[in-house]
Amino acid sequence: MREKIDGRYLTETEIVSIGKTLLHKTFGQIAETNETLLYKGSIGNFVEKEIFNLSPNSRSEPDFIEAGVELKVTPFKLNQDKSYSAKERLVLNIINYVEEAKQSFYSSSFWTKNSKLYLLFYLWESNKAQKDFFIMFDYLLTFSDEDLVIIKKDWHIIHEKIISGKAHEISEADTMYLAACTKGVNKESLRKQHNSDILAKQRAYSLKSSYMTQLLRTRVTDKKEEVVRIISDVIELEKKSFEEVIYERIKPHFGTPTKQIIKQFGIEKSKNINEVIVARLLGVQGKVSQTEEFLKANIVPKTIRLKGNGKIKESMSFPTFRFDSIVEEDWEDSTYRDYFESTKFMLVIFKEKNDDFILQDIKFWNMPVSVIDNEFKDVWLHTQSIIKNGEIVKEVRNGIYLTNFIKKSDRSLMHVRPHAQKRDDTYPLPVADKKTGLLSYTKHCFWLNNDYVSKIINQMKAS
DNA sequence: GCATGATCATGC
DNA sequence: GCATGATCATGC
């Protein structure tokens, strides 16, 4: 057995060498005879206490005060296509809004506690018990210059809301890599904030799961991937926000017909031509969505085509949902709530004119938390209940299934509609459909009403 | 083979 | 004319 010295005074080398002894072992194996310990607290607490001999603390200094290192144990998962993803965001320290209001970036609780992180990644598997999860990788994380410049900007965005008494309006999609996620005993955990009497949800600093996924894929695992970065100039990012830099790169081409851009850049015609155009204007050879910044910040590019009269032809689709998964979920931590809370959209707007489309504008947008937790929640709950009760099909007419899902005309925000390759491109149903007896149904997804998208674009233009 | 972005086709 | 069900096209 290791001698029980106070873990807080371990050096960086000692921390890492202890960490390495845990790799390729399960928590059960690490715990040896003390397996039951695992069930008394979180895995992270277990590792801190039993392996590194640290007592739990909520101080603003890092776990290892001598080395200036904070320890985090975090899960990742293996996807269908064999790639790895972070299972969740990396939650850091809880924010004391009143205290944090007084700080600058380098004196903030985020920086003083988390400027250097020692990460232990374990493989989360749905069919296994906690004690059988393997610790697979370790990584000593210090932020690169490119990441740090964006993280500083993120911190200032969060800080600005705190000092202006708007802590209750913070959203994860406000920021790129560093976010302020809700954290509490329950969703009702509220606390005092600076400069306002409104109680705000308790939040903690966190690194987005999209950021953690990219970290894992490009720096942590043995098969390190190469990813293209759009903005390589750190100085440029210090002066302007990421969104401003992107906007300024596209802006010179506003008003230009796509045919002209295609010619000018020698782009080949294709159905996703608008997507390709945006990529070329940003100097990206592949997909914009696959660049470092977009992946890490979870920004999804969407091209929008306006008709000559300024109306949008089509509603906007999102990833399909699984019927059997959505019925199992609680709204509060549902896949879709998380998706809209953490995803920012880059809307690239083209307008039809003279048998061509003109690049008109570019906007960054995320669904406001109040809309997510009211209008969207309503649509989501309705959808879940219809599936749960086997009441998808309302009527079969001329061989076509008419459904009870929310229609575009039912709500101003969203509707639910098929999104598949063919009608028989289906997902299994948790209960048989009452009307038809079907055990699987055409893949569906939530669609953002085109009228609502119009409203977004027009509102943003006005402001 | 399938997810995803984008668009079509029919009937009210 | 548009809502709604359905499908196309591309790329990984």
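So you know, we letter chains A, B, ... as the sequences are listed, proteins then strands, and number each from 1. Excluded from the calculations below are hydrogen atoms, water molecules and symmetry mates; all remaining heavy atoms, backbone and side chain alike, are included. Only a predicted model underlies this, so the values are computations on that prediction, with no experimental measurement involved.
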Touch class at under 4.0 angstrom, heavy-atom based, for [X] against every strand present:
X        : result
A/Lys302 : sugar-phosphate
A/Val300 : sugar-phosphate
A/Thr442 : nothing
A/Tyr401 : sugar-phosphate

Considering only side-chain heavy atoms of [X], which listed nucleotide, [options], is closest?
X        : options             : answer
A/Lys407 : C/dT7, C/dT4, B/dA3 : C/dT4
A/Ala420 : C/dC2, C/dT7, B/dG5 : C/dT7
A/Lys443 : B/dA3, C/dA6, B/dG5 : B/dA3
A/Thr303 : B/dG5, B/dA3, C/dT4 : B/dG5
A/Leu402 : C/dG5, B/dC8, B/dA3 : C/dG5

- When the nearest nucleotide of DNA chain B is assigned to A/Trp447 and to A/Thr320 on a heavy-atom basis, which residue is associated with the more 5' position?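 Nearest-nucleotide comparison on DNA chain B picks A/Thr320.
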
> Between A/Ser317 and A/Asn398, which is nearer to the 5' end of DNA chain B once each is assigned its nearest nucleotide?
Replying inline: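 Result: A/Ser317.
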
N/O (side chain, [X]) to phosphate O (OP1/OP2, [N]) under 4.0 Å:
X        : N      : result
A/Tyr427 : B/dC2  : no
A/Lys408 : C/dA3  : yes
A/Ser409 : C/dT4  : yes
A/Lys422 : C/dA6  : no
A/Lys311 : C/dC2  : yes
A/Lys287 : C/dG11 : no
A/Thr403 : C/dG5  : yes
A/Arg423 : C/dA6  : yes
A/Arg397 : B/dG11 : no

Practice item. Please lay out, stage by stage, how A/Glu100 and A/Tyr205 fare under the test side chain to side chain donor-acceptor pair (under 3.5 Å). Key: CA-CA 11 Å; A/Glu100 203 71 350; A/Tyr205 285 116; 2.7 Å; yes

- Message: Between A/Phe405 and A/Trp447, does the ring pair (Phe, Tyr, Trp, His ring centres under 6.0 Å) criterion hold? Intermediate values first, please.
- Response: CA-CA 12 Å; A/Phe405 284 126; A/Trp447 294 74; over 10 Å; no

ask   = Shortest non-hydrogen contact from A/Lys434 to A/Glu391?
value =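 Minimum heavy-atom separation between A/Lys434 and A/Glu391: NZ-OE2, 3.4 Å.
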
Which residues share a side chain to side chain donor-acceptor pair (under 3.5 Å) with A/Ser164, sequence neighbours left out:
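Per chain and number, A/Ser164 pairs via side chain to side chain donor-acceptor pair (under 3.5 Å) with no residue.
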
Which residue lies more 5' along DNA chain C, comparing A/Val276 with A/Glu314 via nearest heavy atoms
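With A/Val276 and A/Glu314 compared, the 5'-side residue is A/Glu314.
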
* Asked: NZ of A/Lys394 versus C1' of C/dA3: gap in Å, rounded?
  ->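 About 12 Å, once rounded to whole Å.
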
Item checked: Nearest-Å distance for atom pair OH/P, residues A/Tyr339 and B/dA3 ->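 Rounded to whole Å, this separation is 15 Å.
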
base_contact_polar (B/dG5 base, A/His419 side chain, donor-acceptor, <3.5 Å) =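 Result: at least one qualifying N/O pair found.
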
Between A/Asp147 and A/Lys296, is there a side-chain N and carboxylate O pair less than 4.0 Å apart?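 Judged by the 4.0 Å cut-off on N to carboxylate O distance, A/Asp147 and A/Lys296 do form a salt bridge.
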
Q.
Between A/Glu395 and A/Lys435, does any side-chain N to carboxylate O distance fall below 4.0 Å?
A.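 Not counted as a salt bridge, because no side-chain N and carboxylate O are separated by less than 4.0 Å.
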
